[in-house]
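Below is one structure; the comments refer to it alone.
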Amino acid sequence: MKAEIHALLQQALKALGNDGILEAGAELNIPVERGRDDSHGDFASPVALALARSARCNPRQLAEQMVERLPDSPLIEKTEIAGPGFINFTIRDSAYQMLVSEILKADEHYGSSKLGAEQRLQVEFVSANPTGPLHVGHGRGAAYGAVVANLLRATGHKVECEYYVNDAGRQMDILAASVWLRYLQGCGETLPFPSNGYRGAYIQTIADELRSKHGEEFRLPANTVVENLPPDEADGGDKELYIDSVIERARTLLGERRYRLIHGHVLAALVEEIRCDLLDFGIGFEHWYSERSLMDSGSVTTVIERLREAGHLYEREGALWFRSTEFDDKKDRVVVRENGQTTYFASDIAYHLDKFERGFTRVINVWGADHHGYVPRVRAALQALQEDPARLDVLLVQFANLYRGGEKVAMSTRSGDFVTLRQLREEVGRDAARFFYVMRKSDQHLDFDLDLAKAESNDNPVYYIQYAHARIASVMRQTEEKGFRWRPADSTEVTGELGEDHELVLLRRLSRYPEIVEAAALAYEPHQLAYYLRELANDFHTYYNAHIFLVAEAPLRNARLGLINATRIVLRNGLALLGVSAPDTM
RNA sequence: GCGCCCGUAGCUCAGCUGGAUAGAGCAUCGGCCUUCUAAGCCGGCGGUCGCAGGUUCGAGUCCUGCCGGGCGCGCCA
């Protein structure tokens, strides 16, 4: 509908140009809005206000001249000029009534568009280090990224979801060492556990698996493991130095082959756990991209070489630096450390170059807001490599805090004292978790109220929306029980019966759905859809309370059943985009 | 100190590329079940849009400066 209004205005503008009232060719995007107030009609355009200045004329007068030149349309009941020069459009009831058949026919496709023209996009999200199970902090990025991907698919983009696995860093070594030490303890060796090691219960689980699979293949006497190590923090030493020595010791004693076996086992176990957690959360990825593979394939050294040849690198204090300040970064960044190892940033340059070379029109990264300082250097690197940084969108997601009984739930990763995504899902359910994560704008801190998410009451927005869907399903069951029969085709000829205010309000809301999906997708803002669904559910509940659907007169009954089934379709489609189920009973 | 995000009703938050009288949920107060699920509906109360300037026909929205909160400023990932 909005698009049609837009087209009408465009033709009027063109006519004005032809008549010499406006300068032709002044192509501007014509603003069309939904009327905020009923008295303003259904759509409004301030286009005359915007043009009045350059045309040096009275905006109301200009609006009048535009209205005179608007082509006829079956959509339009009337046009009015109001206020300083708004053009208000009132849509015919019949146009809304016809929407019922349109929605019933389009069914699961209602709301989808071809806006994206099959452009290939990549959404990379979660990408949490595989050093433990996902916790509630990752959950928001997971839910958000998945819905953004869904919205982009619904608007005609070809979307691939990707998880970048940081399987190459020091943290992974600390993890492998932690598991090995637990393994040794399990074998009966007595040794201290590093204060900087990973302590979660899952470490023990993986160590036990390792032992049942490999027996005592990795067992070594405790004294050879700990002898001559520097003091740990508990003994007045440095915990970082200590843990690095433990890792070094593990590599030496085990040999590279056995060390890699353990490392690989730990990595596989954790990635698998993460994959399952996400799957249970309704989120799947097309690709799991390994950082290590970038190093093994030589991509990292190749990209460093490219930067060097292009003159963007220099040496200082034994390290190799990328001159990112040349591209608006605040300081230059190290790509190769003094010890010869490449940095995480170096991997990331290779990774982003690879993404670009895979041919995506746009590459979208969903990152935690704590990484915002990292964005400029990635863009800088892409520019240095002659790539267009505008193809990269970085979406920053603020943190989520859990509240239980009005109290903030404290969490810290290293100590193993955190609420996992799995625990959250088991506590509040997948639907509530998914909905709560995306109901706030992503750049807003999220207060996640566990008690509210669990509440089976009208306070809980998830149930409120799902209840609307279940009620409609219930009415359809009643239809059969009362001996009526309804098929979508039964509504087509009778939608003219839908004249009640509540019905027209509901129809207007349904007509907005495609616009909401489009706006939410283009702005990467799932919360817009969440709000819309709440409002739609409200309109339905109001209608439900005001009118009986299963009346004796068949035309009216069939018209109403058509309307509520159209409502059901939109509720179901919208919830599906959010990753929330649409139950038939509650 | 510098950079990014945020500041809207008692609380949690919307407010579409600047548009008409700033909205919703919760809380609170009061109504509605012999009728398709009351997990629902209707109404009341509640605001100097952090503060001060500026831009213009028009500012919660854009610009500048303050005040307040969060995050980031590693040869960690």
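In this text the structure is predicted, and so the values were computed from the model without any measurement. Every chain is numbered from 1, with letters handed out A, B, ... down the list of sequences.
Every ring-ring contact (aromatic ring centres under 6.0 Å, His included) that A:His138 has, sequence neighbours left out, goes to A:His135. Applying the salt bridge (charged side-chain N to carboxylate O under 4.0 Å, His left out) criterion to A:Arg308, with sequence neighbours excluded, gives A:Glu305. Every salt bridge (charged side-chain N to carboxylate O under 4.0 Å, His left out) that A:Arg362 has, sequence neighbours left out, goes to A:Asp393. Every residue meeting the ring-ring contact (aromatic ring centres under 6.0 Å, His included) condition with A:Tyr543, not counting sequence neighbours, appears here in chain and number order: A:His547, A:Phe549. Applying the side chain to side chain donor-acceptor pair (under 3.5 Å) rule to A:Ser491 yields the partners A:Trp486; only residues at least two apart in sequence or on another chain are considered. Qualifying salt bridge (charged side-chain N to carboxylate O under 4.0 Å, His left out) partners for A:Glu64, counting only residues two or more places apart in sequence or in other chains: none. Considering only residues two or more places apart in sequence or on other chains, A:Tyr344 meets the side chain to side chain donor-acceptor pair (under 3.5 Å) condition with none of them.
With a 3.5 Å limit on both pairing distances and Watson-Crick or G-U wobble geometry required, the stems of 3 or more pairs in RNA chain B span B:1-7 with B:67-73, B:10-13 with B:23-26, B:28-32 with B:40-44, B:50-54 with B:62-66.
Both A:His527 and A:Glu338 lie near RNA chain B, and the one whose nearest nucleotide falls closer to the 5' end is A:His527.
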Report all interatomic pairs (protein N or O, nucleotide N or O of nucleotides 4-7 of chain B) with separations under 3.5 Å.
{"from": "B:C5", "atom 1": "O2'", "to": "A:Asp443", "atom 2": "O", "distance (Å)": "2.9"}
{"from": "B:C6", "atom 1": "OP1", "to": "A:Asp443", "atom 2": "OD2", "distance (Å)": "3.4"}

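Using cut-offs of 30° and 60° for the angle between ring planes, the A:His541 and A:Tyr464 rings count as perpendicular.
Only at 4.0 angstrom or more do the heavy atoms of residues 427-435 of chain A sit from any atom of RNA chain B, so none qualifies.
For A:Asn88 and B:A20, a side-chain-to-base donor-acceptor distance below 3.5 Å is present, hydrogens and geometry of angles not being considered.
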| query | Using a cut-off of 4.0 Å between protein heavy atoms and nucleotide atoms, how would you tag nucleotides 29-34 of chain B 5' to 3' with B, S and -? | reply | ------
Hey, can you pull the donor-acceptor pairs under 3.5 Å for the side chains in residues 369-376 of chain A, sequence neighbours left out?
{"from": "A:His372", "atom 1": "ND1", "to": "A:Ala369", "atom 2": "O", "distance (Å)": "2.9"}
{"from": "A:Tyr374", "atom 1": "OH", "to": "A:Asp348", "atom 2": "OD2", "distance (Å)": "3.3"}

